[in-house]
Amino acid sequence: MILKLLLNRGLQIKNTFLDSGSGIKRYRLLSLGVLFILPVYIYAQINQLFKSWSVLSDNALLPATGFVNLSLLGLFALLVFTGIPLSLHLPFVSKDLSLLRSLPLPEADIWAAKFIQGCLINSTLFLYFGLPLLIAFYINYEISAWFLFIVLLAVIAFLALAYAIANICAILLLTALSAQRAKYITTILVAFVFVALWAGFQLFRFSQLDPISTSFNPQRLEQLAQFNTHSWLDLLPSHWLVNIFSQSAQNHPSGAIVRLFPILLVTIPAIMFSFILTRKLKTFQENRPALIHKHQTEKHLEKKRPPFLALLIKDLNLIIRDARQFAQSIIFLIMLMVFPFIIYEKNDLLSLFDFHAFASLLLFTAIFAALSTVKLLAIERKSFYHLKKAPLASQTLFGAKWFTTYATFLPVATLALAILSVLSSAPLQFFGIFFIILNGILAGAVALGMVVAIYFVNFNWDHPRNMLHSGGTLWLMLAIILFGSIDFLILALGYMTDLFLLSLLLSTGYAVVVFLSGTYITQKKLEKLEWIY
């Protein structure tokens with residue numbers, strides 16, 4: 001029965017793809033192709049790194065093992081945190097639960113199917129980041145094919161254990177919170193964990209491990225070689241998995257089998273304990289008295305606010321109320337704050353356009369702001385139809401949405417610009433110049449985001465990735481890159497012809513034209529927008 005439930009879910013995904021229009025199919029195939037490039041790129045980089053270490057040292061297995069161990073440790077932590085919202089959704093909030101529980105199916109079969117489904121979904125991170133790492137290790141250190149079964153079993157146990165721990169954490173949260181509230185909190189927590197791991201990996205300076213790079217630091221290899229010597233690692237599943245690979249690389253079958261037992265002996269009881277807690281939780285929730293919510297009078301509705309301010313507050317509330325949108329905003333803003341520490345270079349640069357890092361920061365700010373803007377229409381869902389009927393000028397409506405993103409990103413981007421200026425020892429006038437350029441880039445990018453949103457908006461979305469119809473995100477990225485390239489070209493030509501002040505004025509005027517044009521196009525399209533769901 002469990003297999004039938006899983007096959008039925010697979011058929012649902014297949015039918016959803018086949019019943020889509022040709023444009024949506026092409027867009028999804030293109031998205032899959034882009035996602036396929038990521039693990040291939042990671043494999044190529046790590047493979048080259050391992051080969052360089054083999055040439056540099058006869059005992060390259062030690063730093064390679066330490067590198068894999070450290071990477072899997074971070075990945076395991078991320079799998080646990082990302083699995084918690086998934087564990088809250090699939091067995092407790094999923095829309096198909098009412099139908100499944102109305103069928104003559106054992107509760108254990110439903111739970112097992114949901115557990116396997118969640119484990120498979122949660123393992124996509126491992127396919128993108130962990131699998132290329134292990135394949136590179138497997139190929140470079142010539143692990144025998146006889147070990148593949150042991151390695152495969154260990155990887156499955158590793159992934160199942162991460163999701164089982166996430167499931168246990170989710171159940172413990174549900175003893176104190178509702179499923180929706182717990183899912184909101186954990187989604188925000190995952191955003192912070194994701195950014196922390198991303199920032200840690202970026203600040204680690206991957207180039208310092210590459211002997212070909214000018215930033216190569218031999219001490220980093222020594223630190224990686226000594227990483228496996230820490231005694232506390234013996235308690236972690238990532239270390240158990242690395243030990244299996246290490247024994248396989250040294251052609252020790254008995255050592256690999258022996259080191260397989262700890263991860264199996266922990267994974268199987270963890271899954272069973274998760275199921276027992278789920279049964280206990282169901283009994284606990286049935287006997288727990290219903291919470292009585294005291295509905296307070298919403299005094300803020302009695303206040304008469306200007307339409308622009310009321311719309312601005314409404315948009316901010318919509319973002320904060322949706323955990324996935326709020327988490328995405330947090331990720332974007334924190335990444336902008338960390339970005340200066342990653343891209344700056346310690347050089348005594350005297351020329352304005354030697355600061356390539358400033359242009360990169362401005363471009364990433366434009367991309368993040370545009371990606372946040374395109375969601376502001378779809379997040380309204382079907383209620384936007386009623387908002388359109390309200391006695392509001394379209395300039396006020398879209399002006400509030402434009403200002404929501406602009407006011408959110410401008411302070412953070414300005415602070416990031418100041419940090420980058422200090423790190424790069426840039427003169428104060430450079431900060432002022434790039435601050436002017438930042439305002440123009442941000443204003444134009446948000447306007448372009450509104451244009452793409454009004455043309456590709458999907459108000460009947462079920463997941464944030466479906467807020468735009470097929471091709472919307474691709475057109476948005478192309479528009480932002482083209483807009484930024486033209487702007488930087490104007491500035492570069494002015495700098496090379498000693499007419500930089502004139503080029504700065506032209507750049508600002510160009511941004512104003514893009515902003516006004518985007519606003520005008522958006523308003524005109526709103527009048528012709530078809531409200532079909």
message = With a 4.5 Å cut-off on side-chain heavy atoms, are Phe275 and Ile271 touching?
response = no
ask   = Side chains of Ile480 and Phe368: closer than 4.5 Å at any heavy-atom pair?
value = no
ask   = Is Phe126 close to Leu72 at the side-chain level, that is, under 4.5 Å between some pair of heavy atoms?
value = yes
request  = Show your reasoning for whether side chain to side chain contact (heavy atoms under 4.5 Å, CB included) applies to Tyr184 and Ile188.
outcome  = CA-CA 6 Å; Tyr184 182 92; Ile188 303 301; 4.1 Å; yes
inquiry  = Check this for me: Phe273, atom CZ, are more than 12 non-hydrogen atoms of other residues, nucleotides or ligands nearer than 6.0 Å?
reply    = no
query = Is Tyr43 atom OH crowded by more than 12 heavy atoms from other residues, nucleotides or ligands, each under 6.0 Å away?
reply = yes
ask   = How far does CG of Leu476 sit from CD1 of Ile367, to the nearest 0.5 angstrom?
value = 8.5 Å
request  = Write out all pairs satisfying salt bridge (charged side-chain N to carboxylate O under 4.0 Å, His left out) with one or both partners inside residues 110-120, taking only residues at least two apart or from two chains.
outcome  = Asp96-Lys114
ask   = Does any N or O in the side chain of Thr267 come within less than 3.5 Å of the main-chain N or O of Leu264, such that one atom is a donor and the other an acceptor?
value = no
Pairwise side-chain hydrogen bond (donor to acceptor under 3.5 Å, both in side chains) hits with a residue in residues 150-160, at least two apart = none
task = Determine which pairs satisfy salt bridge (charged side-chain N to carboxylate O under 4.0 Å, His left out) with at least one residue from residues 267-278, sequence neighbours left out, and list them in order.
result = none
ask   = What is the distance from atom CG of Leu260 to atom CG of Asn243, rounded to the nearest 0.5 Å?
value = 12.0 Å
Residues Phe115, Leu90; criterion side chain to side chain contact (heavy atoms under 4.5 Å, CB included); working and verdict = CA-CA 8 Å; Phe115 183 90; Leu90 289 176; over 6 Å; no
Nearest-0.5 Å distance, OG1 of residue Thr65 to CG of residue Leu70 = 12.5 Å
Could you list the donor-acceptor pairs under 3.5 angstrom formed by side chains in residues 73-86, with sequence neighbours left out?
| unit_1 | atom_1 | unit_2 | atom_2 | d |
| --- | --- | --- | --- | --- |
| Thr82 | OG1 | Leu78 | O | 2.8 |
| Thr82 | OG1 | Leu79 | O | 3.2 |
| Thr82 | OG1 | Asn122 | OD1 | 2.9 |

message = Leu333: which residues meet the side-chain contact (heavy atoms from CB on, under 4.5 Å) condition with it, sequence neighbours left out?
response = Thr408, Phe409, Val412
Below 3.5 Å, can you tabulate the donor-acceptor pairs from side chains in residues 413-421 to any protein atom, sequence neighbours excluded?
| unit_1 | atom_1 | unit_2 | atom_2 | d |
| --- | --- | --- | --- | --- |
| Thr414 | OG1 | Leu410 | O | 2.6 |
| Ser421 | OG | Leu417 | O | 2.8 |

key: Contacts of type side-chain hydrogen bond (donor to acceptor under 3.5 Å, both in side chains), residue Thr365, not counting sequence neighbours   = none
key: Gap between atom CG of Asp487 and atom CG of Leu362 - 0.5 Å precision   = 9.0 Å
request  = Please report the shortest heavy-atom distance between Ala64 and Phe50, naming the atom on each side.
outcome  = CB-CE2, 3.9 Å
key: Check: Leu318 and Asp322 side chains under 4.5 Å, non-hydrogen atoms   = no
query = Does any non-hydrogen side-chain atom of Ile165 lie less than 4.5 Å from one of Cys169?
reply = yes
query = To the nearest 0.5 Å, what is the distance between CZ (Phe158) and CH2 (Trp240)?
reply = 11.0 Å
inquiry  = According to side-chain hydrogen bond (donor to acceptor under 3.5 Å, both in side chains), who are the partners of Asn47, at least two apart in sequence or on a separate chain?
reply    = Asn140
inquiry  = Within the 4.5 Å heavy-atom criterion, are Val155 and Leu241 side-chain neighbours or not?
reply    = yes
message = Just by distance, no angles: are the side chains of Ser372 and Thr405 close enough, under 3.5 Å, to form a donor-acceptor pair?
response = no
ask   = Would Phe67 and Phe137 satisfy side chain to side chain contact (heavy atoms under 4.5 Å, CB included), going step by step from the backbone distance to the final call?
value = CA-CA 10 Å; Phe67 179 77; Phe137 188 89; over 6 Å; no
key: From Ile135 atom CD1 to Ile42 atom CD1, the distance as rounded to the nearest 0.5 Å   = 11.5 Å
request  = Please identify each residue that fulfils side-chain hydrogen bond (donor to acceptor under 3.5 Å, both in side chains) with Thr186, with sequence neighbours left out.
outcome  = none
task = For residues 161-174, pull every pair meeting side-chain hydrogen bond (donor to acceptor under 3.5 Å, both in side chains), keeping only residues two or more places apart or in separate chains.
result = Asn167-Ser274
key: Nearest heavy atoms of Leu468 and Gly472, plus distance in Å   = CD1-C, 4.0 Å
message = Are Pro237 and Val266 packed together at the side-chain level, in the sense that at least one heavy-atom pair is separated by less than 4.5 angstrom?
response = no
query = Considering residues at least two apart in sequence or located in another chain, which fulfil the side-chain contact (heavy atoms from CB on, under 4.5 Å) criterion with Ala270?
reply = Leu161, Ala164
message = Can you give me the closest heavy-atom contact between Ile319 and Gln325, atom names plus distance?
response = O-CB, 4.1 Å
query = Considering residues at least two apart in sequence or located in another chain, which fulfil the side-chain contact (heavy atoms from CB on, under 4.5 Å) criterion with Ile156?
reply = Leu152
note = In terms of heavy-atom contacts, Ser123 and Cys119 come closest through OG-O, 2.5 Å
inquiry  = So if I apply the ring-ring contact (aromatic ring centres under 6.0 Å, His included) rule between Phe339 and each of Phe332, Phe364, Phe358, which one comes out positive?
reply    = Phe364
task = Could you check if a side-chain atom of Val374 sits within less than 4.5 angstrom of a side-chain atom of Met467, using non-hydrogen atoms only?
result = no
